[in-house]
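Worksheet: one structure, shown below.
All figures in this text were calculated on a predicted structure; none of them were measured in a lab.
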Amino acid sequence: MDPTPTGVPPSAHPHASAEEVDAAFDDPKLANVLYHDWEAGTYDHKWSISYDERCISYAVDIFRAVAGEEATPYPTAMELGSGTGFFLLNLMQGGVVKRGSVTDLSPGMVETALRNARHLGLDVDGRVADAERIPYPDDSFDLVIGHAVLHHVPDVQEAFGEVLRVLKPGGRFVFAGEPSTIGDRYARRLGQLTWWLTTTVTRLPALRDWRKPQQELDESSRAAALEAVVDIHTFDPGELERTALRAGAADVHAVTQEFAAAIVGWPVRTVEAAVPESKLTARWRWYAYKAWLTLSSVDRNVLSRVLPRRVFYNVMITGTKPRGPVRL
């Protein structure tokens with residue numbers, strides 16, 4: 001989908017027809033638009049995204065884990081595949097970025113991200129954009145970021161080339177939240193098993209109050225089927241580094257996070273998707289969040305020292321645009 005000439009996003013399309021959904025199974029970009037327009041209104045809630053100290057600290061911590069410390073904030077930044085603006089808006093609130101731009105293939109996500117930015121009083125513009133054809137001039141940004149976006153892009157090397165084009169010489173890119181090949185394998189299997197187990201046991205008479213209406217479960221199943229289409233890639237950290245280098249990036253390195261946290265986190269999120277909202281008490285959410293924090297600390301301080309980086313779920317990568325001409 002092309003951006004409009006003025007950069008104003010077209011209207012979101014949250015209710016796709018059956019014919020459009022069928023066509024999307026053969027068109028990953030259409031699938032991304034339909035799926036993420038569908039998810040835009042509930043995405044923050046689904047993934048427990050907020051714009052308070054909890055997620056500000058998380059966003060800044062993962063940015064620093066891969067990019068290192070910077071003494072001054074980046075004057076301008078663009079988030080590629082921004083979704084609802086989670087990464088950029090929280091980095092802006094955390095003092096990492098001064099002024100931002102959001103881009104996404106989904107008009108619904110751009111609308112939601114801009115609405116979130118206005119609510120937070122942040123200086124942000126937005127455009128509907130294909131990652132392989134970014135609608136900004138050369139040398140536009142000091143920083144390009146993305147969270148859980150590269151695995152949706154058909155041609156990742158071409159996207160890296162576009163990122164380097166819109167970066168200023170010496171500018172940096174940071175992408176986080178990408179699934180590793182091994183991590184995606186065990187996360188999906190855990191999620192499928194948890195979904196089957198939860199939807200099976202809640203058929204029992206004593207647990208029927210814990211079961212969502214069948215229509216909602218069916219909608220979730222259809223969304224999951226389309227999600228399998230929009231999730232195009234998984235990544236080996238070393239190969240992702242080589243892809244960025246082939247695109248012309250410099251100073252490239254990838255790091256990984258979340259092993260124990262992913263093994264517990266994916267079943268927890270699957271249970272939350274399968275049971276009624278009324279059953280997810282504040283106590284449950286606090287338990288889930290504290291468990292994730294504890295296991296993330298174990299991953300960071302213990303398991304990262306003894307396990308190879310490819311077994312962790314979350315791949316993050318950074319690099320810079322050379323100050324001379326980019327060599328492809």
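- No side-chain donor from either of Arg127 and Ser101 sits under 3.5 Å from a side-chain acceptor of the other.
- With respect to the salt-bridge test (charged N to carboxylate O, under 4.0 angstrom), the residues Arg310 and Asp236 do not qualify.
- The aromatic rings of Trp292 and Tyr289 lie parallel to each other, with less than 30° between the two planes, well short of the 60° mark.
- Ala260 and Leu303 get closest at one heavy-atom pair: CB-CD1, 4.1 Å.
- Side-chain atoms of Thr256 come within 3.5 Å of backbone atoms of Arg309 as a donor-acceptor pair (strictly under, hydrogens ignored).
- At a cut-off of 3.5 Å, with distance as the only test, a side-chain donor of Ser297 or Asn301 sits close to an acceptor on the other residue.
- Ionic pairing of Arg211 and Glu216 is not present here: no N-O contact between side-chain nitrogen and carboxylate oxygen is shorter than 4.0 angstrom.
- The closest side-chain donor-acceptor pair between Thr84 and Tyr51 falls under 3.5 angstrom.
- Environment of NZ in Lys168: crowded, with over 12 heavy atoms of neighbouring residues, nucleotides or ligands closer than 6.0 Å.
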Stepwise side chain to side chain contact (heavy atoms under 4.5 Å, CB included) test for Asp139 and Lys321: CA-CA 10 Å; Asp139 306 334; Lys321 178 175 180 173; 2.7 Å; yes

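- With rounding to the nearest 0.5 angstrom, the CG atom of Leu122 is 5.5 Å from the CD atom of Gln93.
- Put simply, NE2 on His151 and OG1 on Thr234 are 10.0 Å apart, with the number rounded to the nearest 0.5 Å.
- Contact detail for Ala77 and Phe141: the closest heavy-atom pair is C-CD2, 3.9 Å.
- Side-chain N or O atoms of Ser82 include none that pairs as donor or acceptor with a backbone N or O of Gly85 at under 3.5 Å.
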Begin with the C-alpha distance, continue with both residues' side-chain angles, and end with the deciding distance and a verdict on side chain to side chain contact (heavy atoms under 4.5 Å, CB included) for Thr243 and Glu239. CA-CA 6 Å; Thr243 301; Glu239 181 54 36; 3.7 Å; yes

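- The backbone N or O of Pro154 sits less than 3.5 Å from a side-chain atom of His233, completing a donor-acceptor pair.
- We find that Asp61 and Arg300 are not joined by a salt bridge, their nearest charged nitrogen and carboxylate oxygen being 4.0 Å or further apart.
- Figure legend: Arg283 and Trp286 shown without cation-pi pairing, the cationic atom not lying both under 6.0 angstrom from the six-membered ring centre and within 45 degrees of its axis.
- Cation-pi geometry between Arg172 and Tyr74 is not met: the NZ or CZ atom fails to fall both under 6.0 Å from the ring centre and inside 45° of the normal.
- Judged as a side chain to side chain donor-acceptor pair (under 3.5 Å), and not counting sequence neighbours, the contacts of Tyr136 are Asp125.
- Going from atom OG of Ser296 over to atom CZ of Phe259 covers 13.0 Å, rounded to the nearest 0.5 Å.
- Atom CG of Asp130 and atom CD of Glu162 lie 9.0 Å apart (nearest 0.5 Å).
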Does the side chain to side chain contact (heavy atoms under 4.5 Å, CB included) test come out yes or no for Leu120 and Met92, once each step is laid out? CA-CA 10 Å; Leu120 296 167; Met92 291 179 74; over 6 Å; no

His147 and Ile62: side chain to side chain contact (heavy atoms under 4.5 Å, CB included), yes or no, with the steps? CA-CA 10 Å; His147 190 277; Ile62 61 173; 3.8 Å; yes

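- Proximity of a side-chain donor or acceptor of Glu241 to a complementary backbone N or O of Ala254 within less than 3.5 Å is detected.
- Between Phe160 and Phe175, the ring-plane angle classifies as perpendicular under the 30° and 60° cut-offs.
- Annotation: the span from Ile263 atom CD1 to Glu258 atom CD amounts to 11.0 Å, rounded to 0.5 Å.
- Summarising the geometry of Ala129 relative to Thr103, their closest heavy-atom pair is CB-CB, 3.7 Å, with the distance given to 0.1 Å.
- Here the straight-line distance linking atom CG of Leu80 with atom NE2 of His152 works out to 11.0 Å at 0.5 Å rounding.
- Contacts of Ala288 classified as side-chain contact (heavy atoms from CB on, under 4.5 Å), with partners at least two apart in sequence or in another chain: Val268, Glu272.
- A continuous path of Ile, Leu, Val, Met, Phe, Trp and Tyr side chains, each step under 4.5 Å between heavy atoms, connects Trp210 with Leu193, placing both in one hydrophobic cluster.
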Kindly determine whether Arg64 and Glu69 satisfy salt bridge (Lys or Arg N to Asp or Glu O under 4.0 Å), including the steps that lead there. CA-CA 6 Å; Arg64 298 300 187 204; Glu69 297 290 336; 3.6 Å; yes

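- In this structure, Asp251 has no salt bridge (charged side-chain N to carboxylate O under 4.0 Å, His left out) partners at least two apart in sequence or on a different chain.
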